[in-house]
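Below is one structure, written out as structure tokens; the observations come after it.
These values consider heavy atoms only, across backbone and side chains, with no hydrogens, waters or symmetry-generated copies. FYI, the numbering just counts along the sequence from 1. Given the structure is predicted, the values throughout are model-derived calculations rather than measurements.
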Amino acid sequence: MKKWSALLLAMALMISFALFGCSNADDTSSKDNDSAGTGTTDTSQSGNNEKVTMRITWWGSQTRHDQTLKVLEMFQQKYPNITFEPEFTAWDGYWEKIAAEAAAGSLPDVWQQDYQYISQYANKNLLLDLQPYVDEGKLDLSDVDQNSIAGGIINDKLYGINLGNNSLCMIYDPEIFKQAGVAEPTPELTWEDYVNVVKTIHEKTGLYGDENIPGNYFHGLNHYIRQHGPEYDLYSEDGTKLGYDNDKWFEEFFSMELDLIKAGAIPLPEVRNEIKTPEDSLLVSKKSAMIGAINSNQIVATATAAGRPLKMTLLPKAKDQVREGQYIKPSMFFSVTQYTKYPDQAVEFVNYFINDIEANKVMMAERGVPISAKVREALKPSLPDAQKQMFDYVDLVIENSSPIGPPQPAGHAEIDKLLKTLEEQICYEQITPAAAAAKFREEATKILSQNAQ
């Protein structure tokens, strides 16, 4: 099944680049001249009363689905001429679906976008530049700091609106730590400390110490690499090659994961691959003391699913690290399809989504800490414990972080699949970490080089 999914994604992306221009020819010819994505129509009050139906799609947990549907209902009550066809799934399979829709020329009008994919779609001219709407005041970012906007800017154009600041974190159950007689992790936790913690928890309780290696196979490796120098990231700045020059970091990271699997402290990939939503988490079902690879905004859905107090902490530091591996990241974006027939109405909804206080009271920062200062201020008095933790955690990351690297380049999806395959082979001892490091460099370099042409 994994092979078929990877093949579908790769084929769909290739087809999309070949066919998308042709498949959208009819769409562009049917647009009104004043709605070609330039922001020239005044829709501050939903413009004229034209009946508009737009598709919108996102991934997430059941909590996010319920909240977003409620916000759509609220928006439609305010603007009854605009209706939505909502589509939502879990993360698994989302990007295969999007790639297939891009190939067919049928991307949703508004769709949830991720930092690791945004540049690929922007560079293929599939996303609407939102900056003209900002310049005209139709997309209000006056209450938003520049760092919260920067992640959606590609080649000096604004292709995505950040729906919340977040960062990678580890979520843990303090009660399980207490049962194991292990001190709760502090911001100074090192990789060596982490290994001792998860092994001890497993030995004392029989549970997994962690659901997965901190940051998981991709973000965890990138986190580890970043700690070894200010110039290092998984990818180079221009996205044409790998951004690190020492394969021992790859070898060290995955050797550590293999050691923990052999000790029984974290599960094999076959167990982790069954986890599709927060509700499926081993932490939620009390089979693990931690989730080591999760975004901070997911504390909301995870705590809701668990029904008990959970806490958050930073990913481990490297001993004698050169810089912090941790960084602040847009949790996700809303992007508008370049070929939508209703760009003004789509932008109006995005503006409502990030700025309307009542709408944000429904969502309660589930997608991350809101980018609007006035929204953050309005939410603070009524935040439940999980959201308060998330706000505090983002402040902690700011004190223990370095700047985010560039968005993942074209070819990232293929490299991600490659890395996932190699990680699984390491975990089942089908290849050594050293051999996997060399193979990854060879094949990833080839992929990046081909996509740079």
Side-chain angles (χ1 to χ4, degrees), residues 168-173 176-177 179-228 232 234 244 246-275 281-283 287-294 313-322 325-326 416 418-441 444:
L168 286 170
C169 73
M170 298 194 297
I171 297 177
Y172 66 95
D173 186 333
I176 295 177
F177 273 70
Q179 291 171 9
V182 174
E184 293 181 27
T186 72
E188 300 308 313
L189 183 82
T190 66
W191 286 105
E192 291 78 9
D193 296 332
Y194 166 80
V195 168
N196 290 332
V197 164
V198 293
K199 284 185 174 181
T200 301
I201 289 174
H202 176 65
E203 291 166 1
K204 297 290 186 180
T205 67
L207 306 175
Y208 292 117
D210 200 345
E211 191 171 283
N212 39 31
I213 193 78
N216 213 338
Y217 65 95
F218 179 83
H219 294 294
L221 175 62
N222 189 41
H223 177 89
Y224 193 77
I225 288 170
R226 283 167 54 86
Q227 292 172 324
H228 290 87
Y232 297 128
L234 192 62
Y244 63 100
N246 195 332
D247 285 344
K248 77 172 185 178
W249 301 326
F250 183 111
E251 184 178 353
E252 289 172 355
F253 182 77
F254 288 111
S255 293
M256 177 169 51
E257 180 181 23
L258 177 59
D259 174 56
L260 291 172
I261 286 175
K262 292 169 75 171
I266 62 175
L268 282 162
E270 64 194 57
V271 176
R272 303 196 304 252
N273 290 341
E274 294 301 313
I275 301 169
S281 165
L282 300 179
L283 173 64
K287 296 176 183 176
S288 173
M290 286 193 286
I291 304 175
I294 194 165
T313 191
L314 299 170
L315 271 64
K317 295 180 186 290
K319 188 181 293 184
D320 302 321
Q321 65 183 20
V322 177
Q326 202 95 30
D416 182 78
L418 166 66
L419 186 58
K420 175 63 174 172
T421 298
L422 289 172
E423 182 225 17
E424 293 193 354
Q425 291 175 350
I426 291 169
C427 292
Y428 291 106
E429 299 186 82
Q430 298 168 348
I431 190 173
T432 66
K439 186 172 183 179
F440 178 72
R441 179 170 293 279

Given side chains that start at C-beta, do those of K319 and E192 come closer than 4.5 Å, heavy atoms only? yes
Going from CG on N246 to CZ on R441, what distance comes out if it is rounded to the nearest 0.5 angstrom? 8.5 Å
Would you mind reporting whether F253 and K248 have side-chain heavy atoms less than 4.5 Å apart? no
Minimal heavy-atom distance between H223 and G325, with the atoms involved, is ND1-C, 3.4 Å
Assess the residue pair Y217 and D416 against the criterion (side chain to side chain donor-acceptor pair (under 3.5 Å)); give the C-alpha distance rounded to whole Å, side-chain angles, the decisive distance to 0.1 Å, and a yes or no. CA-CA 9 Å; Y217 65 95; D416 182 78; 2.9 Å; yes
Side chain to side chain, Q425 and L422, heavy atoms closer than 4.5 Å: yes
What class does the angle between the rings of W249 and Y244 fall in, given that below 30° is parallel, 30 to 60° is tilted and above 60° is perpendicular? tilted
Could you state the interatomic distance from CD (Q430) to OG1 (T421), rounded to the nearest 0.5 Å? 10.5 Å
Under 4.5 Å between any side-chain heavy atoms of L314 and T186, yes or no? no
Would you say D210's side chain and V198's backbone share a donor-acceptor pair under 3.5 angstrom? no
With rounding to the nearest 0.5 angstrom, report the CD to CZ distance, E251 to F440. 14.5 Å
Measure the OG1-CG distance between T313 and L189 for me, rounded to the nearest 0.5 Å. 6.5 Å
Tell me whether Q326 contacts the main-chain N or O of L315 through its side chain, where contact means a donor paired with an acceptor under 3.5 Å. yes
Using only atom types and a distance under 3.5 Å, with no angle test, would you say the side chain of H202 pairs donor to acceptor with the backbone of S288? no
Does a side-chain N-to-carboxylate-O contact under 4.0 Å join K317 and D193? no
Quick check: closest heavy atoms across P214 and M170, and the distance to 0.1 Å? CG-SD, 3.7 Å
Between T432 and I426, is there a side-chain heavy-atom distance shorter than 4.5 Å? no
Spacing of I266 atom CD1 and M290 atom CE [to the nearest 0.5 Å]: 10.0 Å
Closest non-hydrogen atom pair between N212 and I291, with its separation: OD1-C, 4.3 Å
Those residues at least two apart in sequence (or on a different chain) that pass side chain to side chain contact (heavy atoms under 4.5 Å, CB included) with A180 are V182, I201, K204, T205
For Y172, give me all partners under ring-ring contact (aromatic ring centres under 6.0 Å, His included), at least two apart in sequence or on another chain. F177
Minimum heavy-atom distance between W191 and Q227, given as atom pair plus value: NE1-OE1, 3.1 Å
Would you compute the distance between atom SG of C427 and atom CG of L268 and round it to the nearest 0.5 angstrom? 7.0 Å
Relative to each other, are the rings of F254 and F250 parallel, tilted or perpendicular (30° and 60° limits)? tilted
Option from L207, I275, I171 for which side-chain contact (heavy atoms from CB on, under 4.5 Å) with L283 holds: I171
Is the closest side-chain heavy-atom distance between V197 and P185 below 4.5 Å? no
Closer than 3.5 angstrom, by distance alone: can the side chain of D173 be matched with the main-chain N or O of A289 as a donor-acceptor pair? no
Show the nearest heavy-atom pair for residues N216 and A293, with the distance to one decimal. N-CB, 3.3 Å
Short N-O contact, E424 and K420, less than 4.0 angstrom: yes
When you measure from the side chain of Q321 to the backbone of A318, do you find a donor-acceptor pair of N or O atoms at a distance under 3.5 Å? yes
Hey, are E257 and K262 close enough for a salt bridge, meaning a charged N less than 4.0 Å from a carboxylate O? no
Heavy-atom closest pair, residues F218 and L234: CE1-CD2, 3.0 Å
Check whether N273 reaches the backbone of P269 with its side chain - one donor and one acceptor, N or O, closer than 3.5 Å. yes
Is a donor on one side and an acceptor on the other found under 3.5 Å between the side chain of R272 and the backbone of P267? yes
